[in-house]
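Contents: one structure, followed by commentary.
Values below: every heavy atom of this structure, side chains too, minus hydrogens, waters and symmetry copies.
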Amino acid sequence: MAAPPRRPLLTLLAGLLVVASLATLAEAIYEDQVGLADWHQKYIGKVKQAVYHSQKSGRRRVVVLTEENVIASLDLRSGDIFWRHVIDKNDLLDQLSLSLGKFSAGRWIYAVSSIDGSISWEKELSLDGLETKQILQSPENDIVYAVGIARSSKLALYHLSAKTGEVLKDIQESLPGELSGEIVLGSDDVLVALNKARSSLFLIKFNSGRISYNKVHVSDLVQDLSGTFKLQSLSNGVIALQTPSTVSLLKLKDTDGLEVVQRFDQPAALSDALTIAEKDQAFAVVRHVGSQIEFIVKFTSDVSSEIIREKVNIDQHRGNVEKVFLNSYIRTDKSHGFRALVVMEDHSLLLIQQGKVVWSREDGLASIVDVTTSELPVEKDGVSVADVEHNLFEWLKGHMLKLKGTLMLANADEVAAIQALRLKSSEKNKMTRDHNGFRKLLIVLTKAGKVIALHTGDGRIIWSNLLPSLRASRFGVMPSALRIYQWQVPHHSVMRENPSVLVVGKSGAESSAPGVFSILDSYSGEELNAMKLDHSVVQIIPLTLKDLSEQRLHLIVDSNSNAHLYPKSPDALDVFLHEMPNLYFYSVDILANVIRGYSLQKSCDIEGDEYCFSTKELWSIIFPSDSERIAISETRKMNEVVHTQAKTIGDHDVMYKYLSKNLVFVATVSPKAAGDIGSALPEEASLVAYLIDAVTGRILHRVTHHGAQGPIHAVLSENWVVYHYFNLRAHRFEMAVIEIYDQSRADNKDVMKLILGKHNLSAPITSYAGPEVVVKSQSYFFTHSVKAMAVTQTAKGITSKQLLIGTISDQVLALDKRYLDPRRSANPTQQEKEEGIIPLTDSLPIIPQSFVTHSHQVEALRGIVSIPAKLESTTLVFTYGVDLFYTQLAPSRTYDSLTDEFSYALLLITIAVLVAAIIVTWIWSKKKELRDKWR
């Protein structure tokens, strides 16, 4: 009997190949997956000026100028950004008028269209050294008033056409020596100025090109006046005198005096005057009343009466009202309604209308000063059988839908369901930790002293807290938020306490100002403890040590060079004293141009404080100020994990990394090269890079780059440092790399010594023994200017490193460290090729697909943070500036996990088909054997 035809078997194998190819295609990234693992948020910063604009067709908008040097147009209905321009910090914008959209910078005045942000006109004022103090527009005519002071001795008043910018009148007069320069417009021809002692007001009268002065004592107007105060012009001769606790409304009395017409005895913010009728203006007063804010609108013609008085409920973690911008609209009954933009103490922006908050923006996130992270709670055990059955059904349903989508058999509704399932199945927004360590809390500290927790899943705010210890009176000395650290990280299987974070700040701008501490619950944001320290904060040193309650130890160095231990507990003290002989630290004094190294002593000058330790200076490096100025210093991250101490090269030789945590990178520049690019000639410019041991002060390596200039950015990781600078001779940016290896371990390459135990791998390493080091270095051209640099961090340090470079275009480039290998050569040997060394080129490549921010820009980019996930292949990257961006990055690809889009259903079908094919083939084989036996 003839053998059966093999066509069915061939058909089956062909089908298996098709299934396998589909399984491969399933690994591709779909368009609808964009944004599943990353998010981008746009902000503008704290608003300092606002201009309302209503187009004849379309939505109402408001143009704002912020402290982050941003001009933006916001939709009044939603608060969304319509357009936005982020101006360089070097081109500081001062004022934005309440009409056409004018702002000033030094002697220049610009008019910006509130429709599209284009510049309508620009004008440079002629007076040298002029500092513009005030830009105002009269509601009665189309005249813009520019008031300024030149060299603290001359007062200038310019009248400009609001339509063209033409100077209509220019009045200049020498100032009385006792004026401070704070000036407001009382009326069209009267200015009100404050004297240096802040005790008197000067009424400055302009009459036929002549200027006259009249002095009024503030104490004659307002009794029991205390603290600092400021002036604000409202119109119709009404001026507000604001103190931290009161607001007094003053009115011009003829032209030679002032009188108080009303006083508010609570902290309040006032808006500028808004023209309502032909010769009348309205203004708003917003103040706190208990847990609410009160919104009051008055006419300048009769400040004793009120048009509106409304109470609005707001979040209490926003602080006091700082600024108000009033706007009117016409109601259906043809009467005037009022709305107000309110800027809060935490830099947030609210729109108030008809007694409620229409929308709010958390624009304090545009001024982040520091970032830390926290794990989320562990998911509780105990799931019902019904839940398991339901989840199993949903799992099968989801994978069948994905299979239909892969085979292109899904209809439109099923495609939409697949997209919804992808978002849901990712579980990225759950408030519990996941086994891969992707879900975390990003806890950020803002310039306003507010702590905000963001979920890494979608960037939403979980909690926020404006810290009372970092708040101040509205015109007093403002405390500054310095850093935020992990304080307590309890092990979830041992302890039940929530993790907590530590915020460190100062109560003033001076170096001797006392420090402030605040400890917050990482899960709720509740302030657990707050204290004002009895010493200053000059340097914060987080230690790797923990006490029995899992609280991390910190040293605070004050202005007297004393070190204070926190937390102040007997257990923490015991742990610290045990390790104190091995603890060293260093300080960099840029002004004095010196670096110093210290050890700790048991005694302290403060009597009775056992948690205070004196310091002993061990070494110092004083750089000659006539040839070098310290530009930057960097050290390794405290939590960096190094997987291996050795590096195997192509010829199977071993190089041991110099992995001291006391390694410090310092870069200096010549004095003439300390300015902007181009401020020095190539012959006058130089950059010197140092590798210094922070325990002994020994300089391990020094290299000079002639003709180089800053700005310098650097990152130090493991045994290498990469730094970026500008080459004046080549007119290009460069990046240099230095790798340092420990030559004292070279003998450990002998296998017999390792077998016999005669190696020195376990010998203690001490900084006091002169290290035998070998240094390899190389430099490359780099296309972009750099704003920030970081390096990827992973859980075990196994994954290849990538440099995260914030470019001048406000994007983040991930550059493989292999491109910055100092051992690269133009013609690598076969062994070097096998090792993976890339052939040498003079420039580092810029691969468009390597921008981790994709097409997004993180405007005014300031910082990049890499956070290890539990999955070794993946790191979490958070970038902040005016905007925020978050993503997941796998430098060596996801070699240790399956993607979320892996089709388990397709895998099961493939396995089932293979099993069926095996069974069918076995049956065919048995039948063939039987037929052969019957022959």
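Between atom CZ of residue R339 and atom CZ of residue F295 there is a gap of 10.0 Å, rounded to the nearest 0.5 Å. Atom-to-atom distance recorded for L274:CG and Q281:CD is 8.5 Å, nearest 0.5 angstrom. Between the CD atom of Q41 and the CZ atom of F885 there is a distance of 11.5 Å, given to the nearest 0.5 Å. Atom-to-atom distance recorded for S360:OG and L349:CG is 9.0 Å, nearest 0.5 angstrom. Of the inter-residue distances, the one linking L125 atom CG with L160 atom CG reads 6.5 Å to the nearest 0.5 angstrom. Taking CZ from F299 and OG from S304, the interatomic distance works out to 12.5 Å, rounded to the nearest 0.5 Å.
The backbone N or O of S348 sits nowhere less than 3.5 Å from a side-chain atom of R318 that would complete a donor-acceptor pair. Of the possible polar contacts, none joining the Y43 side chain to the R361 backbone as a donor-acceptor pair under 3.5 Å is found. A distance-only check finds a donor-acceptor pair linking the side chain of Q232 to the backbone of S271 [under 3.5 Å].
Closest approach of A513 to G508, counting heavy atoms only: CB-N, 3.6 Å. Nearest heavy-atom pair across L76 and L351 is O-CD2, 3.1 Å. In terms of heavy atoms, V369 sits closest to L482 at CG2-O, 4.4 Å. Closest non-hydrogen pair, S161 versus W121, comes out as O-CZ2, 3.8 Å. The minimum heavy-atom distance linking I44 with I81 is given by the pair CG2-CD1, 3.9 Å. In terms of heavy-atom proximity, V167 sits nearest to D170 at CG1-CB, 4.4 Å.
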If you apply the rule side chain to side chain contact (heavy atoms under 4.5 Å, CB included), what do you find for V503 with L445, and how did you get there? CA-CA 8 Å; V503 176; L445 176 63; 3.9 Å; yes
When you look at T66 and N69, which way does the side chain to side chain contact (heavy atoms under 4.5 Å, CB included) test go after all the steps? CA-CA 5 Å; T66 75; N69 229 31; over 6 Å; no
CA sep, side-chain torsions, deciding dist, call: L270, V247, side chain to side chain contact (heavy atoms under 4.5 Å, CB included): CA-CA 9 Å; L270 278 73; V247 174; 3.4 Å; yes
Under the salt bridge (charged side-chain N to carboxylate O under 4.0 Å, His left out) rule, what do R84 and D883 come out as? Steps first, then yes or no, please. CA-CA 12 Å; R84 180 182 64 164; D883 297 345; 2.6 Å; yes
Is there a side chain to side chain contact (heavy atoms under 4.5 Å, CB included) between L884 and L442? Walk through the geometry before answering. CA-CA 11 Å; L884 308 181; L442 293 168; over 6 Å; no
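Proximity of L326 to F338: side-chain heavy atoms (C-beta onward) are separated by under 4.5 Å at one or more points. Using a 4.5 Å heavy-atom threshold, the side chains of E345 and H317 count as separate. Side-chain contact between I443 and I452 is absent, with no heavy atoms from C-beta onward closer than 4.5 Å. Residues V192 and L203 form a side-chain contact, since some pair of their non-hydrogen atoms from C-beta on lies under 4.5 Å apart. Using a 4.5 Å cut-off on side-chain heavy atoms (C-beta onward), W359 and L350 make no contact. Put simply, the side chain of H336 does not reach to within 4.5 Å of the side chain of R331, judged on heavy atoms. By the 4.5 Å heavy-atom criterion applied to side chains, V261 and L250 are not counted as neighbours. Taking the side chain as every heavy atom from C-beta outward, I314 and H288 approach each other to under 4.5 Å.
Under the 4.0 Å criterion applied to side-chain N and carboxylate O atoms, D458 and R460 are assigned as salt-bridge partners. The existence of a salt bridge linking E68 and K48 is excluded, since no basic side-chain nitrogen approaches an acidic carboxylate oxygen closer than 4.0 Å. The pair K450-D346 meets the salt-bridge criterion, since a charged nitrogen lies less than 4.0 angstrom from a carboxylate oxygen. A salt bridge does not link R77 with D75: every distance from a Lys NZ or Arg NE/NH1/NH2 to an Asp or Glu carboxylate oxygen is 4.0 Å or more. With salt bridges taken as basic N to acidic carboxylate O contacts below 4.0 Å, none links D363 and K46. Classification of E294 and R287 as a salt-bridged pair holds, one side-chain N sitting under 4.0 Å from a carboxylate O.
Of the N and O atoms on the side chains of S518 and E527, at least one donor lies less than 3.5 Å from an acceptor on the other residue. In this model, a donor atom of one side chain and an acceptor atom of the other lie less than 3.5 Å apart for Q262 and K298. Using modelled atom types, one finds no donor on one side chain facing an acceptor on the other under 3.5 Å when comparing S73 with R61.
In this structure Y886 satisfies the ring pair (Phe, Tyr, Trp, His ring centres under 6.0 Å) test together with W39, sequence neighbours excluded. Not counting sequence neighbours, the partners of H40 by the ring pair (Phe, Tyr, Trp, His ring centres under 6.0 Å) test are H856.
Heavy-atom contacts from other residues, nucleotides or ligands closer than 6.0 Å to NZ of K251 number more than 12.
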